[in-house]
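Comments concern the structure below.
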Number of protein chains: 2
Amino acid sequence: MAITVAIVEDNAGICEELEEIIREDPGCSCVGVCRNVQTALRKIPALAPDVIIMDIQLPDGSGIECTARLKHLLPRTQIMMFTIYEDSEQIFRALEAGASGYLLKRTPPEAMLQAIREIMRGGAPMTGEVARKVIHSFRRTPTQSSDVEQLTPREVEVLELLAKGHLSKEIADRLTVGVETVNSHLKHIYEKLHVRSRTEAVIKYMK
Amino acid sequence: MAITVAIVEDNAGICEELEEIIREDPGCSCVGVCRNVQTALRKIPALAPDVIIMDIQLPDGSGIECTARLKHLLPRTQIMMFTIYEDSEQIFRALEAGASGYLLKRTPPEAMLQAIREIMRGGAPMTGEVARKVIHSFRRTPTQSSDVEQLTPREVEVLELLAKGHLSKEIADRLTVGVETVNSHLKHIYEKLHVRSRTEAVIKYMK
DNA sequence: CGCGAAATACCCATAACTGGGGATGTGACG
DNA sequence: CGTCACATCCCCAGTTATGGGTATTTCGCG
């Protein structure tokens with residue numbers, strides 16, 4: 001059975017090019033084309049396509065907002081961003097909204113079919129630069145760890161419970177020690193993390 | 001000029017296979033092979049290869065720890081994980097440690113050369129399943145918004161300052177209102193978020 | 001053995017927070 | 001005009017947290 005694809009894209013040229021490529025492939029069929037957010041939200045839920053190709057810059061709103069709404073209505077539909085924006089802000093917001101792929105428009109159109117198959121296989125097709133930005137966002141800044149890592153094992157244990165929102169008394173019970181002990185640990189934690197309250201400590205711990 | 005590659009891998013068969021594939025490519029050259037973490041940390045810094053292919057399970061420790069140390073010594077070297085582990089825990093820890101690629105061992109060896117070129121171009125080669133897991137980690141859970149979004153604008157303002165670690169008094173000054181007002185807002189915030197302390201509120205706010 | 005770090009526990013004063021009450025003014029909405 | 005949500009302020013009693021001590025035990029290191 002063919003993969004059903006819907007397109008949300010305002011540029012007529014790109015739109016037709018995409019449509020043609022998809023129609024030419026026997027494994028895919030294009031079931032709908034929308035030129036703006038409003039039409040997309042009205043028509044696509046009924047179509048329930050397997051894949052949506054989504055532009056970001058649309059005449060009546062953002063494709064990211066549109067992605068969030070459609071993903072909510074169609075959780076099993078895979079949404080692939082197809083845009084000129086390659087700044088981290090747009091990328092992360094699109095992924096938060098529920099996109100599973102992110103291709104830049106400079107990507108050769110032929111690669112789109114490849115990407116559609118990839119996204120249906122459970123992959124996440126991305127342009128190389130996008131992938132690198134995503135990966136980089138995981139990088140742990142070596143600053144914070146330096147602070148947290150000079151805590152003793154016991155102090156880390158206390159801090160973990162603190163970061164779950166427990167009171168000192170609850171932490172004491174969990175560790176089967178006195179409240180006074182927890183207070184002592186907290187004092188040391190505050191000193192080492194250079195903070196003045198449990199809230200600040202938790203914020204620092206959670207980065 | 002050829003791309004220099006070092007391999008950290010304990011399995012002799014895989015190791016030789018990788019080495020051969022790399023040697024056969026005119027654009028790459030294999031400059032070192034290590035069978036464990038200790039050797040890798042001793043030999044590779046002097047080799048300063050362009051790319052390191054890193055296993056995770058090594059006889060004398062974790063390739064993730066090894067990745068963190070090598071990346072610190074050689075910031076411009078690209079490190080590609082090559083492993084059987086596909087659980088999110090390992091993936092994210094490897095990326096945090098500084099890896100720029102993550103291939104599973106079931107990946108056909110021929111794809112390795114492709115991946116090496118990709119990683120040098122500034123990309124981030126990943127197996128499809130890995131890419132999807134990475135992307136999914138960005139998904140915003142719709143739970144948070146439900147709770148937080150029923151706060152009034154002013155309450156959100158207070159919560160934001162709370163999440164920066166400020167005391168009630170500091171929040172009051174920043175908003176040019178009395179401490180009592182901030183306390184009132186806090187009471188309402190606690191009710192709406194179903195929490196009992198500022199720390200819990202901040203945790204909930206930061207997800 | 002002596003030293004220091006870590007974990008444990010206690011005391012205490014001050015400060016901050018929590019949760020209950022009530023009170024006022026404003027602005028939106030029907 | 002009345003109602004309601006919101007923001008503002010106040011009081012107060014009880015709890016919790018903060019920061020300054022001190023002290024004991026255990027454990028590893030030289």
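Computation of the quantities below employed the complete heavy-atom set of this structure, encompassing side-chain atoms and omitting hydrogens, waters and symmetry-equivalent molecules. To find a chain, count down the sequence lines: A is the first, B the second, and so on, and within it residues start at 1.
Under 4.0 angstrom from either OP1 or OP2 of C:dA7 there lies at least one side-chain N or O belonging to A:Thr152. Checking the phosphate oxygens (OP1, OP2) of C:dG19, no side-chain nitrogen or oxygen of B:Tyr190 falls inside 4.0 Å. Contact between the side-chain N/O atoms of B:His185 and the OP1/OP2 oxygens of D:dT8 is found at a separation under 4.0 Å. The phosphate of C:dT18 (OP1 or OP2) has no side-chain N or O of B:Arg196 nearer than 4.0 angstrom. Note on A:Arg198: a side-chain N or O is less than 4.0 Å away from OP1 or OP2 of D:dA17.
Put simply, the side chain of A:Leu103 reaches to within 4.5 Å of the side chain of A:Met80, judged on heavy atoms. In this structure, the side chains of A:Val8 and A:Ile52 come closer than 4.5 Å at one or more pairs of heavy atoms. When side chains are defined from C-beta on, A:Asp10 does not count as touching A:Gln57, because their heavy atoms never get closer than 4.5 Å.
Checking side-chain atoms of A:Thr127 against main-chain N and O of A:Glu129 turns up no donor-acceptor pair under 3.5 Å. Using modelled atom types, no side-chain atom of A:Thr181 and backbone atom of A:Val177 make a donor-acceptor pair closer than 3.5 Å.
Atom-to-atom, CD of B:Glu191 to C1' of C:dT18 comes out at 12 Å; the value is rounded to the nearest Å. Taking atom CG of residue B:Leu186 and atom C1' of nucleotide C:dA16, one finds them 12 Å apart after rounding to whole Å. When the C1' atom of C:dA6 is taken as reference, atom NE2 of A:His188 falls 9 Å away, rounded to whole Å. Here the P atom of nucleotide D:dA5 and the NZ atom of B:Lys192 are 10 Å apart, to the nearest Å. Atoms CD (A:Glu200) and P (C:dA16) sit 13 Å apart, rounded to a whole Å. Look at CG on A:Asn183: it is 14 Å from C1' on C:dA15, rounded to the nearest Å.
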Grab the N/O contacts between the protein and nucleotides 26-30 of chain D below 3.5 Å, and write none if there aren't any.
none

How would you summarise protein contacts on nucleotides 22-30 of chain C per nucleotide, using B for base, S for sugar-phosphate only and - for none, with heavy-atom distances below 4.0 Å?
---------
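Of the inter-residue distances, the one linking A:Lys43 atom NZ with A:Gln38 atom CD reads 12.0 Å to the nearest 0.5 angstrom. Between A:Ile119 atom CD1 and A:Ile79 atom CD1 the span is 8.5 Å, to the nearest 0.5 Å. Rounding to the nearest 0.5 Å places CZ of B:Arg154 at 14.0 Å from NE2 of B:His188.
For the segment residues 163-181 of chain A, the set of residues with a heavy atom within less than 4.0 Å of an atom of DNA chain C comprises A:Val177, A:Gly178, A:Glu180, A:Thr181, in numerical order.
For B:Glu160, the CD atom sits in a packed shell: over 12 heavy atoms of surrounding residues, nucleotides or ligands are nearer than 6.0 Å. With a 6.0 Å radius and a threshold of 12 heavy atoms from other residues, nucleotides or ligands, A:Arg69 has its CZ atom at or below the threshold. Within 6.0 Å of CD in A:Glu96 there are more than 12 heavy atoms belonging to other residues, nucleotides or ligands.
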